[in-house]
Amino acid sequence: MIRSVVKGVGAYLPERIITNAEMATLVDTSDEWITARTGIAQRHVAADGELTSDLAIAASRAALANSNVHVDDIDLIILATATPDDTFPATATVVQAALGMERGFAFDMQAVCSGFVYAVSTADNFIKAGQAKTVLVIGAETFSRILDWEDRTTAVLFGDGAGALVLQAEESEGTNQDRGILTCHLHSDGRYREKLYVDGGPSRGSVGHLRMEGREVFRHAVVNIAEAIDEALEATGLEAKDIDWFVPHQANKRILDATAKRIGLRPESVVVTVGEHANTSAASVPLALDVALRDGRIKQGDMVLLEAMGGGFTWGSALIRW
Ligand code: ACO
């Protein structure tokens, strides 16, 4: 069978860092509160005029360099974002042009914090269907632009950034020993819109700000994420002990700890970058992957479990042998 094999990863973070101490000068909060409740120590924020596409282009160039894949080989770009440059065209096509890609196709994917897992799953399906051989999957966000900087309950939680992954079709045996994506599981439940949403959009005539019932999101996150992970393990006949690296969406250290405990994952297998990056929505998983690859944790042949949960609600998992 055909598998979607990871060829390379890249990431980009804006230069400007806002520490918790600086955040406390902007809203009524403290380093102690943010650290204790979330594990976040700092976040990167895009410069004036620096757009989601700029972050995505930088991450894509890094991923292409890391994978030794030439831009002419890319058939498809999927860019997961809830903060596109413009209402249209898709930010993915801006990236396409900047990379000098004159063939193939590109589109955006909107599943908020779950966007990257949705995009990985979509890319995998295009590859398995034979419609694309090489896919560039990007998660890129400038959430700083949709935060209400007067709302301390949300402003402290998010950051900007981008990460990208190159996937390529390879013939395989069709077993769990294959390299590549082994299984993906996606969910959404639109009844929970009010728990996490932006109170604006093109059809409403404004950009809007992020609104969230943090406690409710937290409660659902652990249950939903655990469900999506169970599905991945069940589909492959694997157990928690077979997972080498758990690379979750980085929303809150307490959510990561609670999920890992519930599933029975070894604490040392959890890749945690929320302290340095905060919640970068669709960018958080590829940013965390990039860190764990560059510091030598994730190696070829390792079993890597991705998961995410976000507005909608949307949630999902992807299991990949690296
Ligand atoms: N600084 C200081 N105090 C604060 C802040 C802040 N930044 N924000 C809220 N508070 C206060 C509240 O006003 C409240 O005060 P009160 O008791 O006097 O009313 C108190 O702290 C407790 O507030 P809670 O909202 O109950 O705090 P909680 O322990 O639930 O933590 C948090 C809040 C961190 C948002 C948590 O609920 C959470 O992480 N939820 C998940 C949300 C999330 O990660 N969303 C991201 C998108 S979805 C996803 O990615 C999974």
Side-chain angles (χ1 to χ4, degrees), residues 1-9 78 111 113-133 135 137 165-189 220-250 255-272 284-286 288-289 292-293 296-310 313-322:
M1 69 178 289
I2 293 172
R3 294 270 193 209
S4 311
V5 174
V6 178
K7 293 292 173 179
V9 173
I78 307 178
C113 297
S114 311
F116 189 76
V117 172
Y118 268 60
V120 162
S121 177
T122 305
D124 185 39
N125 286 328
F126 271 101
I127 287 172
K128 284 188 176 142
Q131 214 176 338
K133 278 205 162 69
V135 184
V137 183
L165 188 77
V166 178
L167 291 171
Q168 204 159 50
E170 270 184 22
E171 278 293 340
S172 69
E173 300 289 323
T175 72
N176 282 345
Q177 296 310 310
D178 295 343
R179 286 191 66 203
I181 297 175
L182 301 180
T183 191
C184 294
H185 301 269
L186 303 182
H187 296 274
S188 69
D189 190 337
H220 286 280
V222 178
V223 176
N224 291 350
I225 291 165
E227 178 198 48
I229 294 172
D230 281 342
E231 286 175 329
L233 296 176
E234 208 169 292
T236 50
L238 295 168
E239 295 174 29
K241 66 175 173 48
D242 301 318
I243 305 301
D244 295 302
W245 299 108
F246 177 46
V247 188
H249 168 52
Q250 309 282 321
I255 295 180
L256 307 193
D257 291 343
T259 307
K261 198 169 164 199
R262 195 176 172 124
I263 298 294
L265 296 165
R266 291 169 291 113
E268 60 276 17
S269 72
V270 184
V271 176
V272 183
S284 89
V285 169
L289 280 173
L293 278 160
R297 272 179 286 178
I298 298 178
K299 295 185 190 65
Q300 192 165 315
D302 283 353
M303 192 66 82
V304 179
L305 175 64
L306 316 183
E307 63 77 5
M309 143 105 191
F313 290 142
T314 53
W315 67 101
S317 64
L319 192 55
I320 306 175
R321 187 176 292 283
W322 214 258

List the atom of His185, the atom of Ala228, and the distance in Å for their closest heavy-atom pair.
CB-O, 4.5 Å

Side chain proximity check, Glu307 to Val117, heavy atoms < 4.5 angstrom
no

In terms of heavy-atom contacts, Gly310 and Cys113 come closest through CA-CB, 3.7 Å

From Glu234 atom CD to Glu227 atom CD, the distance as rounded to the nearest 0.5 Å
10.5 Å

To the nearest 0.5 Å, how far apart are CH2 in Trp245 and CD in Glu268?
8.0 Å

Partners meeting salt bridge (Lys or Arg N to Asp or Glu O under 4.0 Å) with Arg262 (sequence neighbours left out)
none

Considering all heavy atoms of both residues, which atom of Val271 and which atom of Pro248 are nearest to each other, and what is their separation?
O-CD, 3.6 Å

Among Val6, Val137, Val135, Ile78, which residue satisfies the side chain to side chain contact (heavy atoms under 4.5 Å, CB included) criterion with Val120?
Val137

Measuring only between side-chain heavy atoms, which start at C-beta, is Arg321 closer than 4.5 Å to Arg3?
no

Starting at CD1 of Ile320, measure out to CG of Leu167 and round the result to the nearest 0.5 Å.
7.0 Å

I want to check something: taking the side chain as every heavy atom from C-beta on, are Ile298 and Val247 in contact at a cut-off of under 4.5 Å?
yes

Distance, nearest 0.5 Å, that separates OG1 of Thr122 from CG of Leu186:
6.5 Å

Judged by atom type as modelled, is there a donor-acceptor pair below 3.5 Å linking the side chain of Ser172 to the main-chain atoms of Met1?
yes

Minimum heavy-atom separation for Leu265 and Ala240, please, with both atom names.
CD2-O, 3.8 Å

Return the NZ to CG distance between Lys299 and Asp244, rounded to the nearest 0.5 Å.
9.5 Å

Would you check if Lys7 and Glu170 make a side-chain contact, meaning some heavy-atom pair closer than 4.5 Å?
yes

Side-chain heavy-atom pair Phe246, Ile263 within 4.5 angstrom cut-off:
no

Residues Ser284, His249; criterion side chain to side chain donor-acceptor pair (under 3.5 Å); working and verdict
CA-CA 6 Å; Ser284 89; His249 168 52; 2.6 Å; yes

Polar side-chain atom of Asn176 near backbone of Thr236 as donor-acceptor pair, under 3.5 Å
yes

Heavy atoms of other groups near Lys133 NZ, more than 12 under 6.0 Å:
no

Evaluate the side-chain contact (heavy atoms from CB on, under 4.5 Å) criterion for residues Gln250 and Val272: first the C-alpha distance (whole Å), next the side-chain angles of each, then the deciding distance (0.1 Å), finally the verdict.
CA-CA 7 Å; Gln250 309 282 321; Val272 183; 4.1 Å; yes

Within a strict 4.5 Å, meaning less than it, do heavy atoms of the Leu289 and Val304 side chains meet?
yes

Kindly write out the residues that satisfy salt bridge (Lys or Arg N to Asp or Glu O under 4.0 Å) with Lys261, not counting sequence neighbours, or none if the list is empty.
none

Is there a side-chain contact between His220 and Val223, using heavy atoms and a 4.5 Å cut-off?
no

Quick one, Asp189 and Trp315 - any side-chain contact, counting heavy atoms below 4.5 Å?
yes

Quick one: does Asp302's side chain have a donor or acceptor within less than 3.5 Å of a partner on Trp322's backbone?
no

Should Ser4 and Asp124 be marked as a side chain to side chain donor-acceptor pair (under 3.5 Å) after you check the CA-CA gap, both sets of side-chain angles, and the distance that decides it?
CA-CA 6 Å; Ser4 311; Asp124 185 39; 2.6 Å; yes

Nearest heavy-atom contact between Ala111 and Thr314 is O-OG1, 3.0 Å

Among Leu306, Ile243, Ile181, find the residue that satisfies the side chain to side chain contact (heavy atoms under 4.5 Å, CB included) test when tested with Leu319.
Ile243

Thr175 to Leu182 - nearest heavy-atom pair and separation:
O-CD2, 4.1 Å

